[in-house]
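Here is the structure we will look at.
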There are 2 protein chains.
Amino acid sequence: MGIAERKIREKEELKEQILKAAKRLFIERGFEKTSIRNIADEIEYSPGIIYHYFQDKNEIFHSLHQEGFQELRKRMEILGAVEDPMSRLKAMGKIYIQFALENTDMYDLMFIIEAPIDHVENRDDLCWIEGDSTFNLLRSTVHECMQKGHFEGHHLEPLSFLIWSTVHGMVSLKIRKRVNVLDVAAVDQIIENSYHSFLLILDRA
Amino acid sequence: MGIAERKIREKEELKEQILKAAKRLFIERGFEKTSIRNIADEIEYSPGIIYHYFQDKNEIFHSLHQEGFQELRKRMEILGAVEDPMSRLKAMGKIYIQFALENTDMYDLMFIIEAPIDHVENRDDLCWIEGDSTFNLLRSTVHECMQKGHFEGHHLEPLSFLIWSTVHGMVSLKIRKRVNVLDVAAVDQIIENSYHSFLLILDRA
DNA sequence: TGGATTATTAAACACTGTTCAATTACATTT
DNA sequence: AAATGTAATTGAACAGTGTTTAATAATCCA
């Protein structure tokens with residue numbers, strides 16, 4: 001049944017086209033400003049066709065999640081070379097921040113935007129597995145640090161979440177333009193300087 | 001010219017009505033799902049009239065910012081009673097988190113949502129002044145802590161931003177439903193436990 | 001009362017996500 | 001090769017969005 005297989009392959013190809021077009025438009029215009037009709041125009045099909053490949057707009061952008069997590073994880077790979085867990089933890093934060101600031105829209109989609117995450121109710125969803133594996137990297141690193149005597153009196157889960165929250169807080173305040181309450185001059189450097197403070201804190205924690 | 005004044009007063013009244021209706025709907029439906037027509041229905045006027053009182057939808061919801069900051073500052077007032085700056089700082093974080101979790105939509109508007117902050121280009125805007133005065137409270141408390149010998153080796157501005165980022169990170173990850181990557185059982189308690197870890201860290205920082 | 005000003009409306013514009021009946025394309029069977 | 005049945009694709013429609021504007025209603029002042 002080579003024909004049926006080709007059919008499936010072609011169907012997958014169009015799905016891939018939609019995803020690629022969606023990503024292209026999304027990266028340069030953001031979530032809200034990328035409409036179904038925009039995507040349809042881009043792939044030169046009618047808008048209706050998109051609903052034969054995706055349930056709704058959210059499902060399209062939710063599919064892009066995965067790519068974001070893959071990219072983030074790829075960047076984390078070099079951490080394998082870092083023996084000392086404490087140094088690894090510190091490098092991890094730096095990579096996370098860098099990823100967020102260099103891929104603001106992707107980060108937005110992954111960790112800030114409401115819509116696409118909303119009707120992912122079951123925890124078995126691929127996006128949670130992806131996210132979980134990324135968080136696991138943090139968790140296990142923190143765990144190693146604790147085994148080496150760091151973070152005395154802390155508990156693994158809350159501390160890991162706290163660390164995540166700190167870096168997320170910094171980048172999301174910048175991405176969503178709330179850093180402007182600070183002195184204008186300091187805005188550009190603030191995250192780098194704050195992260196430096198954070199490293200100091202981690203050493204003493 | 002009592003008549004002119006009454007006119008102005010009446011004009012203010014309708015503006016107030018719009019704002020009140022907008023807030024009512026916003027609190028129970030969120031930003032996206034509150035439309036101009038919804039607000040118009042609520043005050044029993046035609047949709048067009050709203051544009052005689054506000055430039056656009058963003059300006060309406062931007063006006064609600066202020067109320068949020070007022071409420072937040074009101075909650076912060078009891079901190080005046082706390083002598084020790086370190087205790088005050090800790091209590092401050094707790095109040096901030098509580099405010100965010102009890103007024104999620106308002107917090108969303110103040111610190112997460114993109115739209116209404118977007119075309120507030122000039123830093124003289126009331127919203128920045130409001131926000132700045134709130135941040136000043138944090139900054140000055142951190143400053144007092146430093147004068148009492150805490151946070152050695154840190155700098156005021158980056159450290160203050162770091163602390164803000166940490167609490168913002170925790171609540172915004174919860175508000176935008178990204179805590180689900182954690183063990184399901186831990187979700188409810190995670191912020192409280194993490195904040196406890198944060199207090200420990202502050203003592204050692 | 002007449003004229004100018006202002007407040008308010010209804011209708012329209014250009015969008016949005018989504019659905020669905022109708023159409024086209026195509027592989028399989030006769 | 002023609003007919004059939006299935007799947008892909010379309011175009012139009014629905015109900016909604018923010019926003020603009022010409023026309024209307026209301027009000028104040030001379």
Side-chain angles (χ1 to χ4, degrees), chain A residues 1-19 21-23 25-26 28-64 109 113-120, chain B residues 1-19 21-23 25-26 28-64 109 113-120:
Chain A
M1 291 285 159
I3 293 162
E5 281 163 14
R6 199 206 68 214
K7 275 265 154 186
I8 292 170
R9 209 170 52 238
E10 278 178 7
K11 188 156 180 171
E12 284 300 314
E13 269 169 27
L14 186 45
K15 191 167 184 171
E16 208 54 45
Q17 263 190 73
I18 294 170
L19 240 32
K23 190 183 182 184
L25 294 173
F26 165 76
E28 64 179 34
R29 302 144 87 127
F31 175 74
E32 306 277 356
K33 280 169 187 162
T34 303
S35 74
I36 296 293
R37 283 174 182 80
N38 291 158
I39 298 170
D41 278 357
E42 192 83 358
I43 60 172
E44 292 175 300
Y45 275 80
S46 104
I49 197 65
I50 291 173
Y51 291 86
H52 279 167
Y53 295 87
F54 297 92
Q55 213 182 23
D56 53 27
K57 188 183 173 182
N58 285 331
E59 200 182 284
I60 302 171
F61 288 95
H62 178 256
S63 292
L64 296 180
L109 185 64
I113 288 176
E114 258 186 316
I117 213 79
D118 248 6
H119 50 68
V120 180
Chain B
M1 291 284 158
I3 292 163
E5 279 162 16
R6 201 205 69 212
K7 273 269 153 185
I8 292 170
R9 210 169 51 237
E10 277 177 5
K11 188 155 182 170
E12 284 300 314
E13 268 169 29
L14 186 44
K15 191 165 184 172
E16 208 54 46
Q17 263 190 72
I18 294 170
L19 240 31
K23 190 182 182 185
L25 294 173
F26 164 75
E28 64 179 34
R29 302 144 86 130
F31 175 73
E32 305 277 355
K33 281 168 186 162
T34 303
S35 74
I36 296 293
R37 283 174 183 81
N38 290 158
I39 298 170
D41 278 357
E42 193 82 358
I43 59 171
E44 292 175 298
Y45 274 80
S46 103
I49 198 64
I50 292 174
Y51 290 87
H52 280 220
Y53 294 87
F54 297 92
Q55 210 181 23
D56 53 27
K57 189 183 173 183
N58 286 330
E59 199 182 285
I60 301 171
F61 288 94
H62 177 255
S63 293
L64 296 180
L109 186 65
I113 288 175
E114 259 187 312
I117 213 82
D118 249 4
H119 51 67
V120 180

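We name chains A, B, ... by the order of the sequence lines, and we start the count at 1 in each one. Computed from a prediction, not measured in an experiment: that's the story for all the values here.
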Would you mind reading off the distance between [X] atom [atom1] and [N] atom [atom2], rounded to a whole angstrom?
| X | N | atom1 | atom2 | result |
| --- | --- | --- | --- | --- |
| F31(A) | dG17(C) | CZ | C1' | 11 Å |
| I50(A) | dT18(C) | CD1 | P | 10 Å |
| I36(A) | dA15(D) | CD1 | P | 20 Å |
| N58(B) | dG18(D) | CG | C1' | 10 Å |
| L25(B) | dG18(D) | CG | P | 12 Å |
| K57(A) | dG16(D) | NZ | C1' | 14 Å |
| H52(B) | dT5(C) | NE2 | P | 16 Å |
| N38(A) | dG17(C) | CG | C1' | 12 Å |

Could you say whether R37(A) or R37(B) is positioned toward the 5' end of DNA chain D, judged by the nucleotide with the nearest heavy atom to each? R37(A)
Would you find a donor on one side and an acceptor on the other, under 3.5 Å apart, between the side chain of K33(B) and the backbone of L25(B)? no
Do side-chain atoms of D41(B) reach the backbone of N38(B) as a donor and acceptor pair under 3.5 angstrom? no
Proximity to the side chain of Y53(A) - top-ranked nucleotide from dG17(C), dT17(D), dA8(D): dA8(D)
Nearest to the side chain of L14(B), heavy atoms from C-beta on, is which of dT8(C), dT19(C), dT19(D)? dT8(C)
Any residue in residues 39-49 of chain A with a heavy atom nearer than 4.0 angstrom to DNA chain D? Just list them by number, or reply none. Y45(A), S46(A), G48(A), I49(A)
Heavy-atom check, side chain of L14(A) versus side chain of Y45(A), under 4.5 Å: yes
Kindly check if the number of other-residue, nucleotide or ligand heavy atoms within 6.0 Å of CD (E28(A)) is above 12? yes
Reported CZ-to-CD1 distance for the pair F54(B) and I18(B), which is rounded to 0.5 angstrom: 5.5 Å
Distance check, rounded to the nearest 0.5 Å: Q55(B) atom CD versus H62(B) atom NE2? 12.0 Å
